[in-house]
> 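This is the structure I want to talk about, given as C-alpha cells.
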Amino acid sequence: MECIYNVDVEELCPVCGDNVSGYHYGLLTCESCKGFFKRTVQNNKRYTCAERQECKIDKTQRKRCPFCRFQKCLTVGMRLEAVRADRMRGGRNKFGPMYKRDRALKQQKKALNRESGLKMESMPPALSSTLTDCTLSSILPNLPDISSTKNILLNMPSSTTSTEYEQGLYTLPGCVSMSSYSPLPSQYPYQSVPCRIIKSEFPDHYASSSSPGSTGGYTYTDQTQTMSSPTPHTGLDLPALVLEFVRCEQDELLVQSKISTHLALLQENQSSSSIEPLSSFGLMCHIADQTLFFIVEWARSCSFFKELKVGDQMKLLHNCWSELLVLDYISRQVHHDEHDTILLITGQKVDLTSVLTQAGVTLGELVRGAQQLTQRLQELQLDCREITCFKYLILFNPDVKLLENQEYVGNVYHQVNGALLEYTLCVYPQHVDRFSQLLQHLRELRALSTQAEDYLSYKHLNGEVPCNKLLIEMLHAKRAYV
DNA sequence: ATAGCCTTGACT
DNA sequence: AGTCAAGGCTAT
C-alpha cells in the first residue's frame with residue numbers, strides 16, 4: 001500500500017497523460033502532442049474519425065485517431081494562435097507572461113498547501129485544487145451549469161488565461177473549482193471565445209472573420225462544425241440516449257490526474273508536518289471523497305439532472321452515492337486485466353493478496369464480494385455503454401421518497417431502462433437474457449454498496465474516517481429518503 | 001506520420 | 001550568458 005504515497009507531483013499531459021516537456025501552445029503538454037499540434041495546424045490537416053468521435057486518447061492510443069486527438073488538444077485549451085504563420089524560430093511570443101503567472105500560481109499553491117498542513121479546510125477555496133472542503137449543499141446550487149459556463153467563458157476578462165481559469169481564480173462562491181475535466185460541450189468550444197488575448201499568429205488559416213473567401217483553411221467556426229458534429233454514420237443504430245450518455249462521460253485521464261495531484265499534495269503535507277501518517281484506510285477515504293466529488297460533478301452535467309431542483313438533486317445523490325462509488329470501483333476492475341491486482345482511480349495497482357491480508361473480516365468480505373461481481377461482469381463482457389446506463393439507473397432511483405418531482409425521476413429511470421434494453425438487443429442480439437442479467441448484477445451491486453456504507457459508518461463511529469466533508473456528509477445522510 | 005532531439009532567438 | 005518555447009530535422 002505504500003506505493004500510493006509515491007504519487008508523483010509531476011504533471012501529466014492533459015491530452016494523453018504522457019510526461020510534460022514544458023509549456024507548448026498555451027499549456028503544459030508532452031513533446032509528442034506539441035509536435036502533433038504543430039503539424040496539424042501548420043499543414044492545415046483535416047482528419048476524420050472512423051468511430052464516434054469519442055476515442056479515448058492516452059499514451060498508448062494517441063496515434064490511433066488524430067481527429068479525436070486534435071479535438072482533445074483544442075478542448076484542453078491548446079492555442080491555435082501560438083503556431084506561427086511565418087514559421088519564425090526562437091524568441092518569445094505573447095504567451096510568455098501567462099506561462100510565468102501559471103508557474104507562480106503553481107508554486108503558490110504548493111506553498112499554501114505546505115503551510116496549512118493537512119487542514120485543507122482552511123484553504124481559500126479559490127486555491128483549493130479539489131473539493132476536499134465542500135459539502136453537497138454548497139456544491140449543487142452554486143456550480144454553474146453548462147450554459148452559464150459558456151457565459152463565464154465569454155465574459156472572462158481579456159487578461160484571463162485559460163490556465164488561470166482552470167486553476168480556479170474565477171471560481172464562483174461555494175468553493176467551486178472549474179477545471180478542464182468539465183467537458184465543455186462541443187457547441188461552446190473554448191477556442192470560440194471571442195476575447196482571446198492574443199491575436200492569431202496564424203491569421204491566414206484560422207482567423208474566423210478576416211477570411212470569408214479563404215479556400216484552403218478552416219475557420220474556427222468551420223472547425224466547430226466539421227470537427228464536433230455528431231457522426232450520423234454508424235454501423236448500428238444505437239439508442240440515441242445511450243450515445244448521448246457516452247458523450248457526456250468525464251475524461252477519465254483528467255480525473256485521474258486531478259486526484260493523483262491531490263494525493264501528492266496530501267503526501268507532501270504528511271512529510272513536512274509532524275502529523276501521523278495516514279493509514280491505508282485513511283488514504284482510501286481520501287480517494288473515495290475525491291471520487292465522490294467527481295461523481296457529483298458528473299451528475300451535475302447530466303441534462304436530466306439539471307432539470308431537478310436542488311432539493312431533489314441532493315436527495316438522489318444522498319441516496320445513491322455509495323452505489324455510484326462501488327460502480328466506479330467495479331467498472332474499473334472489470335476492464336483491468338490483472339487478476340492479482342486492484343486498479344485504483346489514480347492509475348496505481350495494489351496487490352490483491354496484500355489487501356486481503358491487511359484488511360479485517362468485514363473489509364475482506366467486501367473486497368472479495370466486489371471481486372466476485374467483477375468476475376461475473378467480466379464473463380458477461382460488460383461494456384462501457386452499459387456502465388453508463390447503470391449510472392443513470394442508479395442516480396434516478398424512483399424508490400427515493402419525498403421527492404418533489406417523483407414522477408420525473410421515475411420517467412427518466414424508465415427511459416434509461418428502455419434504452420438499455422434496446423441497446424442490449426441491438427448490440428448483443430444473440431444474448432437474449434443479457435438485459436435481465438445486467439439488472440440482476442445491478443441489484444448485487446446495490447447490496448454490496450449497502451454493506452460498504454455500513455462498514456464506513458462503523459469506521460466513522462470509531463473516529464477512523466479522516467475529515468472528508470463530502471464523504472462524511474453522505475454518511476450522515478444515510479438512506480434517509482428510502 | 002510520429003516523436004525525440006536539435007537549433008534558434010527574444011527576453012531576463 | 002542563461003532560459004525556454006518556438007520551429008526544424010530525422011530515425012523509426
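Order of the sequence lines sets the chain letters (A, B, ...), proteins ahead of strands, with each chain counted from 1. Note that the structure is a prediction, hence the values are computed from the model and not measured.
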> Any side-chain N or O of Lys94(A) below 4.0 angstrom from OP1/OP2 of dA10(B)?
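For Lys94(A), the contact criterion (side-chain N or O under 4.0 Å from OP1 or OP2 of dA10(B)) is not met.
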> Rounded to the nearest Å, what distance is computed from the CZ atom of residue Phe95(A) to the P atom of nucleotide dG7(C)?
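Computing the Phe95(A):CZ to dG7(C):P distance gives 11 Å.
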> Between Tyr99(A) and dA6(C), is there a side-chain N or O to OP1/OP2 distance below 4.0 Å?
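Yes, Tyr99(A) has a side-chain N/O under 4.0 Å of OP1/OP2 on dA6(C).
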> Can a donor-acceptor pair under 3.5 Å be found between the side-chain atoms of Arg89(A) and the base atoms of dA5(C)?
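For Arg89(A), whose side chain was compared with the base of dA5(C), there is no donor-acceptor pair (under 3.5 Å).
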> dC11(B), dA1(B), dG7(C): which one has an atom nearest the side-chain heavy atoms of Arg92(A)?
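The answer is dC11(B).
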> Regarding Arg62(A), tell me which of base, sugar-phosphate or nothing describes its non-hydrogen contacts under 4.0 Å with the strands shown.
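Sugar-phosphate only.
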> Verify whether one side chain among Thr374(A) and His336(A) offers a donor that lies under 3.5 Å from an acceptor in the other.
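Per modelled atom types, Thr374(A) and His336(A) side chains form no pair under 3.5 Å.
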> What is the distance, rounded to the nearest whole Å, between atom CZ of Arg69(A) and atom C1' of dT2(B)?
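Answer to the nearest Å: 8 Å.
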> Take Phe36(A) and Glu31(A), find for each the nucleotide of DNA chain B with the closest heavy atom, and name the residue whose nucleotide sits nearer the 5' end.
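The residue closer to the strand's 5' end, by nearest nucleotide, is Phe36(A).
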> Under a 3.5 Å cutoff, is there a donor and acceptor pairing between the side chains of Thr291(A) and Tyr329(A)?
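No, no side-chain donor-acceptor pair sits under 3.5 Å.
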> I'd like to know if the side chain of Glu386(A) reaches the main chain of Leu420(A), judged simply by a donor and an acceptor atom lying under 3.5 Å from each other, with no hydrogens or angles considered.
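Pair absent, no side-chain N/O of Glu386(A) close to backbone of Leu420(A).
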> Starting at atom CZ of Arg101(A), determine the distance to atom P of dT12(B), rounded to an integer number of angstrom.
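Arg101(A) atom CZ is separated from dT12(B) atom P by 13 Å.
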> Centroid-to-centroid, Tyr392(A) to Trp298(A), below 6.0 Å?
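Distance test on ring centres: under 6.0 Å, yes.
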> If the test is side-chain contact (heavy atoms from CB on, under 4.5 Å), which one of Leu324(A), Leu377(A), Val326(A) qualifies with Leu445(A)?
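Going through Leu324(A), Leu377(A), Val326(A) one by one, the side-chain contact (heavy atoms from CB on, under 4.5 Å) with Leu445(A) is satisfied by Val326(A) alone.
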> Taking only side-chain nitrogens and oxygens of Tyr25(A), does any of them come within less than 4.0 Å of OP1 or OP2 of dG7(C)?
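Result: yes.
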> Does Gln42(A) put a side-chain nitrogen or oxygen below 4.0 Å from OP1 or OP2 of dA6(C)?
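No, no such contact exists.
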> Going by the salt bridge (Lys or Arg N to Asp or Glu O under 4.0 Å) test, which pairs reach into residues 334-345 of chain A, not counting sequence neighbours?
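Checked against salt bridge (Lys or Arg N to Asp or Glu O under 4.0 Å) - neighbours excluded - the pairs reaching residues 334-345 of chain A are Glu338(A)-Lys349(A).
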> Find the distance Gln61(A):CD to dA1(B):P and express it as a whole number of Å.
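Taking CD of Gln61(A) and P of dA1(B), I get 21 Å after rounding.
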> Rounded to whole angstrom units, what separation is found between the CZ atom of Phe67(A) and the C1' atom of dA1(B)?
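The answer, rounded to whole Å, is 18 Å.
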> Do Phe95(A) and Tyr23(A) have ring centres separated by under 6.0 Å?
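Distance test on ring centres: not under 6.0 Å, no.
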> In this structure, how many angstroms lie between the C1' atom of dG4(B) and the NZ atom of Lys59(A), rounded?
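It is 12 Å, rounded to the nearest whole Å.
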> If you define the side chain from C-beta out and look only at heavy atoms, does anything of Phe245(A) sit under 4.5 Å from Glu249(A)?
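Result no, sub-4.5 Å side-chain heavy-atom pair not found.
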> Remember a base hit wins even if backbone is also touched, and classify Arg103(A) as base, sugar-phosphate or nothing at under 4.0 Å, heavy atoms.
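Sugar-phosphate only.
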> Side chain of Ser32(A), heavy atoms from C-beta onward: which of dA1(B), dA5(C), dA3(B) has the nearest atom to it?
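Of dA1(B), dA5(C), dA3(B), dA3(B) is nearest to the side chain of Ser32(A).
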> What is the separation between atom NZ on Lys100(A) and atom P on dA5(C), rounded to the nearest whole Å?
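After rounding, the gap between these two atoms is 12 Å.
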> With respect to the phosphate group of dA6(C), does any side-chain polar atom (N or O) of Arg87(A) fall under 4.0 Å of OP1 or OP2?
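No, because none of the side-chain N or O atoms of Arg87(A) sits under 4.0 Å from OP1 or OP2 of dA6(C).
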> Side chain of His24(A) only, heavy atoms from C-beta on: which candidate in dA5(C), dA3(B), dG7(C) is closest?
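Nearest listed nucleotide: dA5(C).
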> Do Lys34(A) side-chain and dG4(B) base share a donor-acceptor contact under 3.5 Å?
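Counting by modelled atom types and ignoring angles, no donor-acceptor contact under 3.5 Å is found here.
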> Using atom CG of Asn43(A) as one end and atom P of dT2(B) as the other, report the distance to the nearest whole Å.
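That distance rounds to 11 Å.
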> Given axes from five pairs at either end, by how many degrees does the helix from dA1(B)-dT12(C) to dT12(B)-dA1(C) bend, rounded to 10°?
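It comes to 10° between the two terminal axes.
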